[in-house]
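Keep in mind that what you see is a predicted model, and the values were worked out from it rather than measured. What you see below is based on every heavy atom in this structure, not just the backbone, and it leaves out hydrogens, waters and symmetry mates. The chains referred to below are lettered A, B, ... by the order of the sequence lines, with proteins before strands, and numbering in each begins at 1.
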Number of protein chains: 2
Amino acid sequence: MTRDVFQGLADPTRREILTMIAHKSLNVNSVASNFDVSRTAIYKHLKILSECGLVVLQQQGRERYCEARPEKLNEVSDWVEQYRQIWTKRFDALDAYLMKIQAQKKTTAKPKKHGRKK
Amino acid sequence: MTRDVFQGLADPTRREILTMIAHKSLNVNSVASNFDVSRTAIYKHLKILSECGLVVLQQQGRERYCEARPEKLNEVSDWVEQYRQIWTKRFDALDAYLMKIQAQKKTTAKPKKHGRKK
DNA sequence: CATAAATGAAACCTTTTGGTTGCACAAATA
DNA sequence: TATTTGTGCAACCAAAAGGTTTCATTTATG
């Protein structure tokens, strides 16, 4: 199953897990021991994180090491960045509009009160 | 009620709404008309978005305009950025370790096969 | 070998999500 | 004034999320 990276980040426990294993890959039990919910609950979070590509689980003997995949976060920062561009363009358009108005004010004869442009 | 901005972004419909109103503020009905779910469903999404500060709803006559608040996205990019720093430092530490090993190799006498240091 | 450790997964439960329909109400309009 | 329009909100519902306990399985280890 594949899953949305935004959804993966939605849960605070999952974000904490990511921070934790960013420092150093840990096996499932080690990750779980840092939280006060059950190992199974943490395992489910890890599964979700791996389903959205933020984590890979590497078998090593009887343990499985959880390794962070921060490249996946690019999808998030890309979205935010693209969003900012839309937002910025919006103001560029407004600026352009205001400039145009300014230009018109200068080149147009000052109309009388109640005057009407052709 | 206040809400987590990551949770606000978790739903794809909500991200679409944000993109939509980034271009131009729209009233609730206009937003809803762009989706094929009910107006009430969109209203709920808008409520969630406003609860996490990504949107403000401005009353104007009988309409309510939905205005994007992209500053709130800083919380997201900040988190991602901070995360990348942790990740990067991790490799810096590894680099430092490898450099140290390299240095030791150079200064230590080449041991015999099966030889033991110290 | 017997046992402990690490994990995956099933079964189950409660709360949250995302959706619906229906109704009330204020603002605009014919 | 009567009616339409835009909206908020309650009640309800199904599915997903997040958690638990329990059990099976594989790998290390005394």
Side-chain angles (χ1 to χ4, degrees), chain A residues 1-21 24-69 72 76 79, chain B residues 1-21 23-69 72 76:
Chain A
M1 188 201 184
T2 182
R3 204 183 275 254
D4 189 349
V5 62
F6 285 94
Q7 204 192 341
L9 293 178
D11 186 274
T13 302
R14 285 197 289 271
R15 293 198 298 277
E16 247 187 281
I17 291 177
L18 284 178
T19 303
M20 194 171 291
I21 64 175
K24 186 175 185 302
S25 292
L26 296 173
N27 65 3
V28 177
N29 270 347
S30 302
V31 174
S33 67
N34 288 289
F35 295 91
D36 55 358
V37 292
S38 71
R39 174 189 60 85
T40 312
I42 296 299
Y43 168 69
K44 284 191 183 181
H45 283 306
L46 286 168
K47 200 173 170 192
I48 290 173
L49 286 171
S50 75
E51 280 169 356
C52 56
L54 286 163
V55 158
V56 287
L57 297 173
Q58 316 250 31
Q59 192 85 29
Q60 201 162 323
R62 66 179 160 182
E63 299 171 286
R64 275 180 107 189
Y65 279 85
C66 311
E67 188 181 311
R69 281 293 153 97
K72 256 287 167 180
V76 176
W79 188 87
Chain B
M1 189 200 182
T2 182
R3 202 182 276 255
D4 190 348
V5 62
F6 285 94
Q7 204 191 343
L9 292 179
D11 187 272
T13 303
R14 285 198 287 273
R15 293 199 297 278
E16 246 187 282
I17 292 177
L18 284 178
T19 303
M20 194 171 293
I21 64 175
H23 291 93
K24 186 174 184 302
S25 291
L26 295 173
N27 65 3
V28 177
N29 269 346
S30 302
V31 174
S33 68
N34 287 289
F35 296 91
D36 55 358
V37 293
S38 70
R39 173 187 59 85
T40 311
I42 297 299
Y43 168 69
K44 285 192 182 179
H45 283 307
L46 286 169
K47 201 174 170 191
I48 290 173
L49 286 171
S50 76
E51 281 169 356
C52 55
L54 286 163
V55 158
V56 287
L57 297 171
Q58 314 251 32
Q59 192 86 29
Q60 201 162 323
R62 67 180 160 182
E63 299 171 286
R64 275 179 109 189
Y65 279 84
C66 312
E67 189 182 308
R69 280 293 154 97
K72 257 287 166 179
V76 176

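You'll find the side chain of Leu9(B) stays beyond 4.5 Å of the side chain of Leu9(A), heavy atoms only. Taking the side chain as every heavy atom from C-beta outward, Val76(B) and Trp79(A) never approach each other to under 4.5 Å.
The distance between atom CZ of Phe35(B) and atom P of dG18(C), rounded to the nearest whole Å, is 13 Å. Straight-line distance from the CG atom of Asp36(B) to the P atom of dT20(C): 9 Å, rounded to whole Å. For the pair Asp4(B) CG and dT16(C) P, the computed distance is 15 Å after rounding to whole Å. Regarding Leu46(A), its CG atom lies at a distance of 15 Å from the P atom of dA6(C), rounded to whole Å. When rounded to the nearest whole Å, the span between CE of Met1(A) and C1' of dA15(D) equals 12 Å. Per the geometry, CD1 belonging to Ile42(A) stands 7 Å off P belonging to dG19(D), to the nearest Å. One can place CG of Asn29(A) at 14 Å from C1' of dA28(D), the figure rounded to the nearest angstrom. Across the protein-nucleic acid pair, His45(A) atom NE2 and dA16(D) atom P stand 18 Å apart, rounded to whole Å.
Contact annotation: Ser38(B) side-chain N/O to dG19(C) OP1/OP2 distance is not under 4.0 Å. Considering only side-chain N and O atoms, Arg3(B) lies under 4.0 angstrom from the phosphate OP1 or OP2 of dT17(C).
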query = How would nucleotides 9-14 of chain C be written as a contact map, 5' to 3', with B for base contact, S for sugar-phosphate-only contact and - for no contact, using protein heavy atoms under 4.0 Å?
reply = BBB---
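Closest to the side chain of Asp11(A), from the set dT17(C), dG18(D), dT20(D), is dG18(D).
Closest of all the heavy-atom pairs between Arg14(A) and Gly8(A) is NE-O, 2.8 Å. When all heavy atoms are compared, the tightest approach of Gly53(B) to Lys72(B) is O-CG, 3.1 Å.
The side-chain contact (heavy atoms from CB on, under 4.5 Å) with Leu49(A) is formed by just one residue from the set Val55(A), Val56(A), Ile21(A), Val5(A); it is Val55(A). Evaluated for a side-chain contact (heavy atoms from CB on, under 4.5 Å) with Cys66(B), the options Leu26(B), Asn27(B), Ile42(B), Val31(B) yield exactly one hit, Val31(B).
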key: Verdict with reasoning, His45(A) to Phe35(A), per side-chain contact (heavy atoms from CB on, under 4.5 Å)   = CA-CA 12 Å; His45(A) 283 306; Phe35(A) 295 91; over 6 Å; no
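Proximity of residues 55-63 of chain A to DNA chain D (heavy atom under 4.0 angstrom from any strand atom) is restricted to Gly61(A), Arg62(A). Of the residues in residues 12-21 of chain B, those lying under 4.0 Å from DNA chain C by heavy-atom distance are Arg14(B).
No donor-acceptor pair closer than 3.5 Å links the side chain of Arg69(B) to the backbone N or O of Ser50(B).
One finds no salt bridge joining Asp11(A) and Lys44(A) here, because no Lys/Arg side-chain nitrogen approaches an Asp/Glu carboxylate oxygen to under 4.0 Å.
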